[in-house]
Amino acid sequence: MSLANFFNEIAFKWQKEWENSKVYEANPETDKPKKFITVAFPYTNSPLHIGHGRTYITADIYARYLRMKGYNVLFPFAFQFTGTPILSISESVKRGDEEIISTFVNIYQIPKEEIEKFSDPTYLAEYFKNNMKNTAKKLGLGIDWRREFTTVDPIFEKFVQWQYRKLMELGYIKREDSPVAYCPRDEFPVGMHDTKGDVEPEITDLDGIYFPSGDYFFIAATPRPETIFGAVALLVNPEADYVIATDSLNRKVIISRQAYDKLKYQISFREEGEKKGKDLVGMIAKNPVTEKEIKVLPSKFVDPSIGTGVVMAVPSHEPLHYIALTELKEEFELIPVIKTDELGELPGVEAVGLAQTRNPAELKDYIDTIYRIEYHKGIMREDLVDLVPNFMKEFVKDKIAGKLVKDAREKTRELLDMLNSRITIYEISNGPVYCRCGAEIVVKVIKGQWFIDYSNPIWKTSVLKSLDKINFIPTDSKKEMEKIIFNLQPRAFTRSRGLGVRLPWDEKEIIDSLSDSTIYTAFYTIVHKLKYPISLLSDKFWDYILLDRGTADEISKELGIPKEQLEEIKSEFKYWYPVDSRHSGRDLIQNHLPYYLFHHFAIFGEKFLPRQIVTNGFIRVGGKKMSKSFGNIYPLNRAIDEYGVETVRIALTSTSSISDDIEFNSNIAKSIAEQLKKIHDLISKLLEIEGVNERRDPDVWLLSIFRRYIEDVDKAYENLDLRTVYMTVYYTIYETIKDYIELTNAKINKDIIKKVISIWLRLMAPITPHLAEELWHKMSNTFVVKEKFPSINEVEYNEKSLLKVEYLRSIIEDVNRLSSELGKEAEKVVIYVNDDNNLRELLKKAIIAIKDRKSLRDFMIENNVDDKTARRIYELANVLPSTIRDLIVTTDIDEEEVIVQNINFLMNKLDLREMIVYSSTDEKAPNILGKKDLALPYKPGIAIL
RNA sequence: GCGGGGGUGCCCGAGCUGGUCAAAGGGGGCGGACUCAAGAUCCGCUGGCGUAGGCCUGCGUGGGUUCGAAGCCCACCCCCCGCACCA
């Protein structure tokens, strides 16, 4: 049987037992302190993968730890159905999309006949919900499943709608026009999951500037509106088609056909006529700010599909414009607009000279550099004032000339707006991007899009302030969160399609997934008790339960729900809330977690913010972040089958610190599995050995050292430093017990080993509960997962015994090291112990001084020693094993006596024929190999013969 | 640009509350055992010099703090990730 199967059989057995005994069903117990642990729930568009696993197992470990520490722990779970991807996948399946279907077949091994049914989005979501739930159970997550729900449950919809009516009342909802990526054929906004090759469409904005030309206006598109002062010509593509259209002010504008086809989704244009590009050439236009007359010229560089197909030429700052104009052999002016220290007066001209090329592709680096330097370091020239007509001079002088480009750009826009000469144009910057239906994605401006106003200064400030009340793990995540919240902008929170909750006041809109999942953790506390007709769950109901408004009598009368039931539901909410620890992946710091805090604050106020937020790093496979495009998604189920539950639980959570990414691969998993097997076998064997009853130094040493382990592991669990827990519990303790067996020559003390194993199993129970349970039942009939976490009071602590054994171990280690280095077996060993009491005292002082970070100089002055002695003693303090170093501060032993008492033990252990101990101050003792002089306190001189 | 995380030996990768750190663990390489042989498995070695617990070089580069720096501080170079309506 493989190791994976071996552990999985154990695991599944105990999972059944726990379920039968309802170990994880939590109900309010008013006399017991509670802990409420939640995780960010999964989106049900595919099975759980090992990335989910990390967050869920971490939370599970924490929940188990807290339960053992005596808390009443609630750890619930639910499923996110809301969102458009499920719909997109479903539609793709219906369409027979090979890419999607093969993902399900190859990565997730889903049967074909199931996939066919995915054309029903709800079926798909349900299918993956059940699949996920199964996997969660297999993982051993200790969840109270009575409280599971999905975000399309009618009760949940009621709950979310209540929340949004509250936000509306509070004035946190607003409407604005908003650009989105849009498929013109399907007629809906698209995201990454809707595009061919899963490309996220990115939107940038450009400025369209109106240049009057007789009865017409050319609209030139530019990313750098501030260079308008240097625009000395307009360029059009002579081969392209242009459209004449009227805008909302009834002006006749000219843009390319391709631009028109895209911009009609953003701006209300009405097509009036058509012109060839070459027919536009020769027209005279006017620069709207300088009012200079400029020519319309032909250039093949102008791409009619970019911007508006009309370009304002600024040869002074744009190398390509300079090239285009010089090639036309036209006379033109060079008007410098921006000055910088790094670039010359006319960067557009200079770049062409420097690059020694007229090829646009080769000039790209130069152009990027000019853009970057001018934007970040450039200053608008003072003489711009001379270029503009009188009525503009004051504005240009005050707001633009001499100002940083960064600021002047905004002011130039203002100027153009005052002249009614500017529009904003949106473009797909990484285009062309195609919809799965085949059509090219465009940008559409949605009129009156609903927004949540996260930029509201009072709301934002309150949330920022309240961060101090929350414990962040890792601590650095708080800083990150602060910055994100500080920069948080209003968020468009509704979509036109997909599964989810309808917006209560605009029922064709669906509240998007991140926005319906902001206070849903409150829902867990009561969902299992809400067995009422939907119609009864009015706003008054929620107000009473969650906000304590109104009286039970009043609500009971109005809704016909018994008063006692209302009171019970409310008190359950009050018992569990707020969340004590919220767990998620690190990526949610920039969206979900801030929203979670904003909404909690808005609805409940500061008192119900989560007490702690834990964010973990990602899981990498093959050195890369898991993603569909790398094809390296690792389903959790597969990992469990291949390596076993306990191995997966460790590999995904405990092999590195919480903020770091974890690499998951078979080598690591295998070595963990092997170690677990070793532990299993060792404990099983120890429980069978007869053992002795006498109590010797190594016995006391073992107990004493376990006291330290309890302390360390307890603290590590509390801080979710699972790496330390893992190293200590699964390796250090294992080695310690091996050492103990060695030290006692396998004559173990029965009671002591039982006690120590009991502690060991309880220390490992949060991380590997199944293994712990299996072994625990060899000693007891109770559930280890419900036992108390070990306390240091369970074991005696004797520093002297500790030091004695550590000292003997260090001698054994030293002798072994020396003899292996010499390449000869030790037969006879001579040991010199240093019993110079002054030196001992000094050493003790040095150890304390080092701990207190005292400088060498202070140490010298305080103890009246010279530089050389001080350095030597500092060095000695370093050389000592850390356990000994710590112990001799508070206790000491007579080295010679300890060795003499244990001389048989040492000789036995080292396989010696003879062993002699001398004191280094004994003048009669021979100085073999000069080792007598080498002896130092706790670091004896050793001669091997 | 802003924000986050990094640069470790032939390679991957731990360590990063300063001291058993010449630096865990793999992999690769070399040598050995087993084998007719190959594979698998097991053992040893894998910076240099030394061969009595030592010295030198060393954790991106250059400085600094300290009795002591891979770890802390400063500067520089380089790499990766995120930046919104997407779960």
Side-chain angles (χ1 to χ4, degrees), chain A residues 40-46 80 82-86 178-181 189-194 198 200-203 371-372 375-376 406 446 449 451-452 454 476-477 479-480 483-484 486-495 498 512-515 517 586-592 617-618 623-625 655-657 659-661 663 665-668 670-671 723 727 731 810 813-824 846-847 849-851 853-860 867 870-875 877-885 928-931 934 939 941-944:
Chain A
F41 58 12
Y43 186 59
T44 53
N45 67 339
S46 61
Q80 170 71 282
T82 304
T84 44
I86 286 178
S178 161
V180 292
V190 294
M192 190 171 86
H193 49 272
D194 299 309
D198 282 338
E200 175 83 57
E202 286 164 29
I203 298 174
Y371 278 29
R372 198 174 61 241
Y375 180 67
H376 292 287
K406 264 188 271 208
I446 305 244
Q449 166 69 48
F451 281 84
I452 303 172
Y454 294 124
D476 289 350
S477 63
K479 257 193 317 192
E480 210 181 328
K483 281 173 190 151
I484 301 280
F486 187 77
N487 292 313
L488 210 58
Q489 294 302 308
R491 176 186 156 80
F493 73 99
T494 64
R495 346 229 63 236
D512 94 308
S513 56
L514 284 167
S515 305
S517 310
R586 199 176 58 203
D587 50 333
L588 298 190
I589 291 179
Q590 40 192 313
N591 45 47
H592 167 259
F618 302 120
K624 289 189 190 125
K625 212 179 116 180
T655 53
S656 105
S657 57
S659 59
D660 288 345
D661 291 353
E663 171 79 21
N665 64 46
S666 62
N667 285 334
I668 296 169
K670 276 181 197 153
S671 83
R723 195 190 144 74
M727 296 306 266
Y731 291 91
S810 82
E813 211 174 282
D814 281 357
V815 172
N816 283 334
R817 202 183 55 232
L818 269 176
S819 70
S820 87
E821 208 162 293
L822 294 168
K824 68 173 180 187
I847 290 168
I850 288 169
K851 240 185 208 144
R853 298 176 181 280
K854 261 190 199 143
S855 74
L856 194 69
R857 178 168 313 174
D858 288 347
F859 178 75
M860 282 159 57
D867 185 77
R871 275 172 196 273
R872 196 168 129 242
I873 208 85
Y874 259 56
E875 232 164 79
N878 282 340
V879 170
L880 293 176
S882 56
T883 33
I884 292 184
R885 191 170 49 213
I928 299 165
L929 294 168
K931 294 296 175 183
L934 251 145
K939 192 77 193 158
I942 297 169
I944 291 177

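Order of the sequence lines fixes the chain letters, A, B, ..., with proteins taken first and strands second; residue numbering starts at 1 for each chain. Just so you know, these numbers come straight off a predicted model, no measurement behind them.
- As a whole-Å value, the separation of N665(A) CG from A14(B) P is 11 Å.
- With E480(A) contributing its side chain and I589(A) its backbone, the two residues share no donor-acceptor pair below 3.5 Å.
- Within 4.0 Å (heavy atoms only), R586(A) reaches no atom of the nucleic acid at all.
- For the P atoms, the distance from G5(B) to U51(B) is 49 Å, rounded to whole Å.
- Remark: E663(A) engages no residue in a side chain to side chain donor-acceptor pair (under 3.5 Å) (not counting sequence neighbours).
- Remark: R495(A) CZ to I446(A) CD1 distance equals 8.5 Å, nearest 0.5 Å.
- In this structure, I203(A) places its CD1 atom 12 Å from C1' of C86(B), rounding to the nearest Å.
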Should S515(A) and I452(A) be marked as a side-chain contact (heavy atoms from CB on, under 4.5 Å) after you check the CA-CA gap, both sets of side-chain angles, and the distance that decides it? CA-CA 9 Å; S515(A) 305; I452(A) 303 172; 4.1 Å; yes
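- G28(B) and A84(B): their P atoms are spaced 44 Å apart (whole Å).
- Residues that satisfy the ring-ring contact (aromatic ring centres under 6.0 Å, His included) test with Y874(A), not counting sequence neighbours, are F859(A).
- Annotation: side chain of T82(A) is not in contact with side chain of S517(A) (no heavy-atom distance under 4.5 Å).
- Across the protein-nucleic acid pair, K854(A) atom NZ and U65(B) atom C1' stand 20 Å apart, rounded to whole Å.
- Residue contacts shown for I589(A) are absent, as no nucleic acid heavy atom lies under 4.0 Å away.
- Under the Watson-Crick or G-U wobble criterion, with both distances below 3.5 Å, C59(B) has no partner in any strand shown.
- Comparing S810(A) and L588(A) by the nucleotide of RNA chain B whose heavy atom lies nearest to each, the residue mapping closer to the 5' end is S810(A).
- R872(A) comes within 4.0 angstrom of no nucleic acid atom, judged by non-hydrogen atoms across all strands.
- Residue S671(A) places none of its side-chain N or O atoms closer than 4.0 Å to OP1 or OP2 of G25(B).
- The structure places OG1 of T494(A) at 4.0 Å from CD of Q449(A), a figure rounded to the nearest 0.5 Å.
- For Q590(A), the listed nucleotide lying nearest its side chain is G82(B); candidates were A87(B), A14(B), G82(B).
- Separating the C1' atom of G13(B) from that of C59(B) is a span of 13 Å, rounded to the nearest Å.
- Nucleic acid contact for T84(A): sugar-phosphate only, since backbone atoms but no base atoms lie under 4.0 Å from a heavy atom of the residue.
- Note on S855(A): only backbone sugar-phosphate atoms sit closer than 4.0 angstrom, heavy atoms only; bases stay farther off.
- The distance between atom CG of N487(A) and atom C1' of C83(B), rounded to the nearest whole Å, is 10 Å.
- The distance from atom CD of Q80(A) to atom C1' of C86(B) is 12 Å, rounded to the nearest whole Å.
- If you measure from atom CD1 of I873(A) to atom P of C67(B), you get 17 Å, rounded to the nearest angstrom.
- Remark: P of A14(B) and CG of D661(A) are 10 Å apart, rounded to the nearest angstrom.
- Residue E875(A) is classed as having no contact, given no heavy-atom separation below 4.0 Å to the nucleic acid.
- Picking from G5(B), A87(B), G4(B) the nucleotide with the shortest atom distance to the side chain of R495(A) gives A87(B).
- Across C86(B), C85(B), G53(B), the shortest atom-to-atom separation from the side chain of L514(A) is found for C86(B).
- In this structure, C30(B) forms a base pair with G44(B), meeting either the Watson-Crick or the G-U wobble geometry with both donor-acceptor distances under 3.5 Å.
- U41(B) and C34(B): their C1' atoms are spaced 9 Å apart (whole Å).
- With contacts defined as side-chain heavy-atom distances shorter than 4.5 Å, the pair R491(A)/N591(A) does not qualify.
- Residue G941(A) is classed as a base contact, given a heavy-atom separation below 4.0 Å to a base.
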In 5'-to-3' order, the base (B), backbone-only (S) or no-contact (-) status of each nucleotide in nucleotides 43-52 of chain B, using a 4.0 angstrom heavy-atom cut-off, is ---------B
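- With C86(B), A84(B), C67(B) as the candidates, the nucleotide lying closest to the side chain of L856(A) is C67(B).
- For OH of Y731(A), the number of neighbouring non-hydrogen atoms (other residues, nucleotides, ligands) closer than 6.0 Å is greater than 12.
- Straight-line distance from the CD atom of Q449(A) to the P atom of C86(B): 10 Å, rounded to whole Å.
- Here R871(A) lies in heavy-atom contact (under 4.0 Å) with sugar-phosphate atoms only.
- Here G53(B) is the nucleotide among C85(B), G15(B), G53(B) with the atom lying nearest to any side-chain atom of D814(A).
- For K483(A), taking side-chain heavy atoms from C-beta onward, the closest of the listed nucleotides G53(B), A87(B), G3(B) is G3(B).
- Contact annotation for I484(A): no contact, since no heavy-atom pair falls under 4.0 Å across all strands.
- With both ends at atom P, the span from G53(B) to A22(B) equals 15 Å, rounded to whole Å.
- The residue Y874(A) sits close to a base: some heavy atom pair falls under 4.0 Å.
- Residue V815(A) is out of contact with every strand shown, counting any heavy-atom pair closer than 4.0 Å.
- Nucleotides U61(B) and G3(B) have their P atoms positioned 26 Å apart, rounded to a whole Å.
- Distance CD/Q80(A) to CD1/I86(A): 8.0 Å, rounded to 0.5 Å.
- Distance check: R885(A) CZ to N878(A) CG gives 6.5 Å after rounding to the nearest 0.5 Å.
- Separation of the C1' atoms belonging to C72(B) and C16(B) is 10 Å when rounded to the nearest angstrom.
- OP1 or OP2 of C67(B) has not a single side-chain nitrogen or oxygen of R853(A) nearer than 4.0 Å.
- With a cut-off of 3.5 Å on both Watson-Crick or G-U wobble distances, the partner of G1(B) is given as C83(B).
- Look at the P atom in both A24(B) and C11(B): the space between them is 15 Å, to the nearest Å.
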